[in-house]
Amino acid sequence: SPTLAELAAIAAVHRSTLVRSFRRVHACSPGEYRRRWRLENACRWLATSDVPLAEVAARAGFVDQSHLTRALQRSLGVTPAAYRRATRG
């Protein structure tokens, strides 16, 4: 995926201008947006598939399963396995 500097160059603006504009529109930084997007994708896969947790983490862009676990616990207060069980009823 492109870096912030590359995106700013494509838009022909300074990096800080791009970040300020992004924050104004999305109410968060590009990094926060990307982390949220990864978590949303991981949650979708956890709720709708039987893919192993390590593969869900890799598909969603996390370094490994433990990285996904820490991020999900920090955000929702549950582990990926508990989230999967809860969403399946």
Side-chain angles (χ1 to χ4, degrees):
S1 57
T3 66
L4 200 52
E6 291 169 338
L7 292 173
I10 291 168
V13 297
H14 192 271
R15 201 178 89 167
S16 61
T17 304
L18 178 66
V19 171
R20 273 194 311 273
S21 297
F22 189 94
R23 188 179 294 276
R24 197 174 315 118
V25 172
H26 295 285
C28 65
S29 73
E32 292 170 68
Y33 185 87
R34 188 173 184 189
R35 284 186 289 277
R36 242 187 271 157
W37 182 84
R38 277 193 222 136
L39 271 176
E40 288 171 7
N41 281 330
C43 287
R44 193 174 310 111
W45 283 317
L46 288 169
T48 61
S49 74
D50 290 323
V51 174
L53 297 179
E55 191 172 333
V56 168
R59 286 182 183 184
F62 290 92
V63 175
D64 55 21
Q65 182 179 336
S66 65
H67 184 204
L68 169 61
T69 299
R70 285 190 310 274
L72 200 58
Q73 282 185 315
R74 191 173 32 246
S75 177
L76 300 177
V78 296
T79 65
Y83 182 86
R84 181 175 268 174
R85 283 191 304 273
T87 57
R88 300 262 175 110

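- Using the six-membered ring where Trp is involved, His67 and Phe62 have ring planes that are perpendicular, over 60° apart on the 30 and 60° scheme.
- Here the CZ-OG1 distance, from Arg74 to Thr69, works out to 11.0 Å after rounding to the nearest 0.5 Å.
- Partners of Val78 according to the side chain to side chain contact (heavy atoms under 4.5 Å, CB included) rule, which considers only residues two or more places apart in sequence or in another chain, are Leu76, Ala82, Tyr83.
- The distance from the CD atom of Glu55 to the OG atom of Ser49 is 8.0 Å, given to the nearest 0.5 Å.
- In summary, the side chains of Arg44 and Asn41 do present a donor paired with an acceptor at a separation below 3.5 Å, with no hydrogens or angles considered.
- How far OG of Ser66 is from CD of Gln73: 10.5 Å, rounded to the nearest 0.5 Å.
- Hydrophobic clustering, defined by side-chain heavy atoms of Ile, Leu, Val, Met, Phe, Trp and Tyr closer than 4.5 Å, groups Val19 together with Leu4, Leu7, Val13, Leu18.
- Although no hydrogens or angles enter the test, the distance criterion places a donor-acceptor pair under 3.5 Å between the side chain of Thr87 and the main chain of Arg84.
- Heavy atoms only, all atoms of each residue included: Ala57 and Asp64 are closest at CB-O, 3.6 Å.
- A 6.0 Å sphere centred on NE2 of His14 holds no more than 12 heavy atoms belonging to other residues, nucleotides or ligands.
- Applying the 6.0 Å contact sphere to CZ of Arg38 captures more than 12 heavy atoms from other residues, nucleotides or ligands.
- The CZ atom of Arg36 lies 13.0 Å from the SG atom of Cys43; values are rounded to the nearest 0.5 Å.
- For Tyr33, the OH atom is loosely surrounded, since the number of other residues' heavy atoms within 6.0 Å does not exceed 12.
- Between Leu46 and Leu53 the shortest side-chain heavy-atom distance falls below 4.5 Å.
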- Task: Take Thr79 and Leu72 through the side chain to side chain contact (heavy atoms under 4.5 Å, CB included) test and state the conclusion after the steps.
- Result: CA-CA 6 Å; Thr79 65; Leu72 200 58; over 6 Å; no

